[in-house]
Amino acid sequence: MTNEKMIIEIKEWLKEAADYIRVNLTNELDVSQKSGRTDLVTNIDEETQLFLIKKINQHYPNDRILAEEKGFNSLDSLNGRVWIIDPIDGTMNFVMEHENFCIMIAVYQDGVGQLGFIYDVMKDELYWGEKDHGVFQNDRRLTQPKDAALSEGLIGMNAYMYRKNIYSAGEIGHASMGIRVSGCAGVELIAILKGNHIGYISNLSPWDYAAGLVLINEFGFSYSNIEGNPLAFDKREYFIAATPKAYTEMQEKFIHK
């Protein structure tokens, strides 16, 4: 692999961060609200992000960082090498369930994803890959899932979009074998990589999808904003990713009907 040194380093950082999270999970958390009572951030989110940023600055001081917390959540462009971090994806699950949350790291070069890492902390499962070099679950290389149609599989979905039928999300769900709602983009993207789900529709920020795009791109999945345009990477937007067959079907039969 062309980025072998960086891959080894990132894996070590993720393991260290996850060990810290697991040790402190049962301690009393400092939980704060951001935009509302269901949009949470904890001291562990912030400490994990700070740990990862320190590692990046130490090893790659000229690189830029886009991350969810503490003033790192905007960049004027993706020029050069950019690290995109979600220190805890699924914070509500982290606080309420103590599972079903992930650490996500992506490395982009001039807007093109090079490395992606989604780490399911409590399962100790790391899904990772490098552009043009495949996708792995820990040390096992994954095989590309079947290009299934919408009616052949389950689809991960944002519950509000489904309930309100935003962009025909309710109709899409009914046309599938059923919807699943995990509350964590990382968990949903893992389900696509494993072939358990044929797609995912939600309302996401760049750090929610950046790592996953590197990985699903390796398997030829289709993705865009909900209207079929390239993802902006500079705001929250409606997101769709699916097998090519299911993606085309959703766009043609439902979203743009």
Side-chain angles (χ1 to χ4, degrees), residues 3 6-7 9-14 16-18 21 32 34-35 39-92 94 101-119 121 126-131 158 184-190 200 202-218 223-226 229-241:
N3 294 294
M6 185 179 287
I7 291 169
E9 290 169 339
I10 294 171
K11 287 181 178 180
E12 291 174 348
W13 302 345
L14 286 167
E16 189 173 343
I21 291 170
S32 303
K34 292 194 284 188
S35 62
D39 184 14
L40 305 180
V41 61
T42 74
N43 57 306
I44 302 296
D45 293 72
E46 294 174 351
E47 290 162 12
T48 302
Q49 179 169 302
L50 180 60
F51 167 78
L52 294 172
I53 288 174
K54 284 182 175 179
K55 290 292 187 182
I56 295 166
N57 287 337
Q58 177 184 350
H59 292 266
Y60 304 97
N62 296 321
D63 293 2
R64 298 192 299 152
I65 298 170
L66 177 65
E68 183 172 10
E69 314 297 347
K70 291 289 186 181
F72 285 88
N73 59 2
S74 65
L75 284 178
D76 56 2
S77 77
L78 293 180
N79 293 340
R81 189 159 63 196
V82 177
W83 298 67
I84 305 178
I85 301 170
D86 195 338
I88 295 183
D89 177 54
T91 299
M92 179 68 77
F94 171 67
F101 62 92
C102 300
I103 307 172
M104 299 199 286
I105 298 176
V107 181
Y108 278 64
Q109 182 69 46
D110 296 321
V112 178
Q114 303 298 316
L115 298 172
F117 300 80
I118 304 176
Y119 187 27
V121 173
L126 175 62
Y127 295 81
W128 65 278
E130 180 180 8
K131 185 178 184 296
N158 175 284
C184 176
V187 168
E188 297 290 358
L189 291 162
I190 287 170
Y200 178 41
S202 193
N203 185 16
L204 304 179
S205 297
W207 41 83
D208 297 317
Y209 58 70
L213 294 191
V214 178
L215 305 182
I216 66 172
N217 194 57
E218 286 295 287
Y223 56 86
S224 66
N225 72 12
I226 200 74
N229 299 317
L231 292 158
F233 279 83
D234 64 357
K235 61 183 178 181
R236 194 172 185 89
E237 56 190 324
Y238 290 116
F239 168 95
I240 180 171

Quiz item: Side chains of W207 and Q49: does their closest heavy-atom pair fall under 4.5 Å?
Solution: no
Quiz item: Between CG of N57 and CG of L52, what distance do you get to the nearest 0.5 Å?
Solution: 11.0 Å
Quiz item: Aromatic ring centroids of F233 and Y108 under 6.0 Å?
Solution: yes
Self-check item: Student check: side-chain heavy atoms of E68 and P87 closer than 4.5 Å
Solution: yes
Exercise. Specify the closest pair of heavy atoms between G212 and I118, including all atoms of both residues, with the distance to one decimal.
Key: CA-CD1, 3.9 Å
Self-check item: N217 side-chain N/O to V214 backbone N/O, donor-acceptor pair under 3.5 Å
Solution: no
Quiz prompt | Rounded distance [0.5 Å steps], CD in E47 versus CD1 in I88 | solution = 9.5 Å
Quiz item: In terms of the angle between their ring planes, are F94 and F101 parallel, tilted or perpendicular, with boundaries placed at 30° and 60°?
Solution: perpendicular
Quiz item: Is a donor on one side and an acceptor on the other found under 3.5 Å between the side chain of E130 and the backbone of N3?
Solution: yes
Quiz item: Is there a donor-acceptor pair under 3.5 Å between the side chain of D110 and the backbone N or O of N79?
Solution: no
Quiz prompt | Donor-acceptor contact below 3.5 Å, side chain R81 vs main chain V107 | solution = no
Quiz item: Going by heavy atoms in the side chains, are M104 and Y209 under 4.5 Å from each other?
Solution: no
Quiz item: Hey, what do you get for CG (L204) to CD1 (I226), rounding to the nearest 0.5 Å?
Solution: 10.0 Å
Quiz item: Is there a side-chain contact between R64 and D76 (heavy atoms, below 4.5 Å)?
Solution: yes
Practice problem: Find the distance between CG (D234) and CG (N73) and round it off to the nearest 0.5 Å. | Solution: 11.5 Å
Self-check item: For the student: nearest non-hydrogen atoms of A232 and E237, plus distance
Solution: N-OE2, 2.7 Å
Self-check item: For the student: nearest non-hydrogen atoms of T48 and A17, plus distance
Solution: CG2-CB, 4.2 Å
Practice problem: Check for a donor-acceptor pair, side chain of D89 on one end and backbone N or O of G186 on the other, with a separation under 3.5 Å. | Solution: yes
Quiz prompt | Criterion side-chain contact (heavy atoms from CB on, under 4.5 Å) against I85, the qualifying member of L66, I56, I103 | solution = I56
Exercise. Go through the steps for L213 and L231 under the test side-chain contact (heavy atoms from CB on, under 4.5 Å), then give the verdict.
Key: CA-CA 10 Å; L213 294 191; L231 292 158; 3.6 Å; yes
Quiz item: Got a second to check how far I216's CD1 is from Y223's OH, nearest 0.5 Å?
Solution: 6.5 Å
Quiz item: Heavy-atom distance under 4.5 Å between the side chains of K55 and W83, does that happen here?
Solution: no
Quiz item: About how many Å separate CG of N225 and CZ of F239, when rounded to the nearest 0.5 Å?
Solution: 10.5 Å
Self-check item: W128 side chain reached by Y119 side chain, heavy atoms, under 4.5 Å
Solution: no
Quiz prompt | Atom of C184, atom of C102 and distance for their closest heavy-atom approach | solution = SG-SG, 4.0 Å
